[in-house]
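The structure appears below as structure tokens.
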Amino acid sequence: MKEKEWNVRILLTEDGDDTAARAALTIDDGTVIRGDGRARRNPSDPAVPEIGDELAASRALADLAERLAVITQRDIASSADFPAQSRSW
């Protein structure tokens with residue numbers, strides 16, 4: 001098997017105390033899978049933008065991972081001779 005490399009791009013946007021992130025994975029056939037995440041600073045917390053970036057990005061990556069797992073389950077089910085067991089990642 002040849003080596004493959006998949007890259008994920010994360011776009012972060014901030015609006016006041018709100019941070020939004022979108023993670024996008026483009027696979028070999030050109031399909032793009034996206035995940036979204038948000039973070040909101042509690043007014044009593046110190047203003048540290050990097051924390052909002054990290055939290056929103058981690059949530060976007062978790063959403064992307066879940067969407068990829070759903071696609072994988074669908075692909076397994078459609079290619080198998082018997083139903084695949086559902087798994088929770």
Side-chain angles (χ1 to χ4, degrees):
M1 181 177 143
K2 70 176 187 173
E3 185 175 295
K4 297 179 183 181
E5 180 176 321
W6 288 358
N7 294 297
V8 175
R9 292 179 48 99
I10 300 175
L11 174 66
L12 296 162
T13 57
E14 295 179 12
D15 184 16
D17 291 336
D18 294 323
T19 303
R22 170 160 281 179
L25 169 67
T26 304
I27 58 177
D28 296 335
D29 68 0
T31 301
V32 179
I33 304 164
R34 291 182 178 87
D36 295 306
R38 295 193 165 288
R40 179 171 176 76
R41 184 179 70 85
N42 185 313
S44 65
D45 290 340
V48 183
E50 294 81 14
I51 293 173
D53 293 349
E54 293 164 352
L55 184 56
S58 71
R59 289 175 174 169
L61 289 167
D63 186 41
L64 173 65
E66 182 62 31
R67 291 171 191 256
L68 185 58
V70 167
I71 291 167
T72 302
Q73 281 296 106
R74 196 176 314 135
D75 290 347
I76 291 169
S78 69
S79 68
D81 293 334
F82 53 88
Q85 289 183 323
S86 177
R87 295 189 176 147
S88 174
W89 302 91

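None of the values given here were measured: they were computed from a predicted structure.
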Can any side-chain N or O of S79 pair as donor or acceptor with the backbone N or O of D75 at less than 3.5 Å? yes
Is there a continuous path of hydrophobic side-chain contacts, each under 4.5 Å between heavy atoms, that joins I71 to L25? yes
Side-chain donor-acceptor distances from residues 47-61 under 3.5 Å, at least two apart:
residue : atom : partner : partner atom : Å
S58     : OG   : E54     : O            : 3.4
S58     : OG   : L55     : O            : 2.9
R59     : NH1  : R38     : O            : 2.7

My understanding is that only residues two or more places apart in sequence, or in another chain, count here; which of them pass side chain to side chain contact (heavy atoms under 4.5 Å, CB included) with S44? N42
Sequence neighbours left out, what passes side chain to side chain contact (heavy atoms under 4.5 Å, CB included) with A62? Give chain and number order. none
For D28, side chain to side chain contact (heavy atoms under 4.5 Å, CB included) partners two or more places apart: K4, W6
Can you pull out every side chain to side chain donor-acceptor pair (under 3.5 Å) where at least one residue sits in residues 14-27? Sequence neighbours excluded, please. D17-R41, D18-R40, R22-D36
Could you tell me which residues satisfy side chain to side chain donor-acceptor pair (under 3.5 Å) with R67, sequence neighbours excluded, listed by chain and number? D63
L64 with V70, same ILVMFWY side-chain cluster at under 4.5 Å: no
List the steps, then state whether side chain to side chain contact (heavy atoms under 4.5 Å, CB included) holds for L11 with R9. CA-CA 7 Å; L11 174 66; R9 292 179 48 99; over 6 Å; no
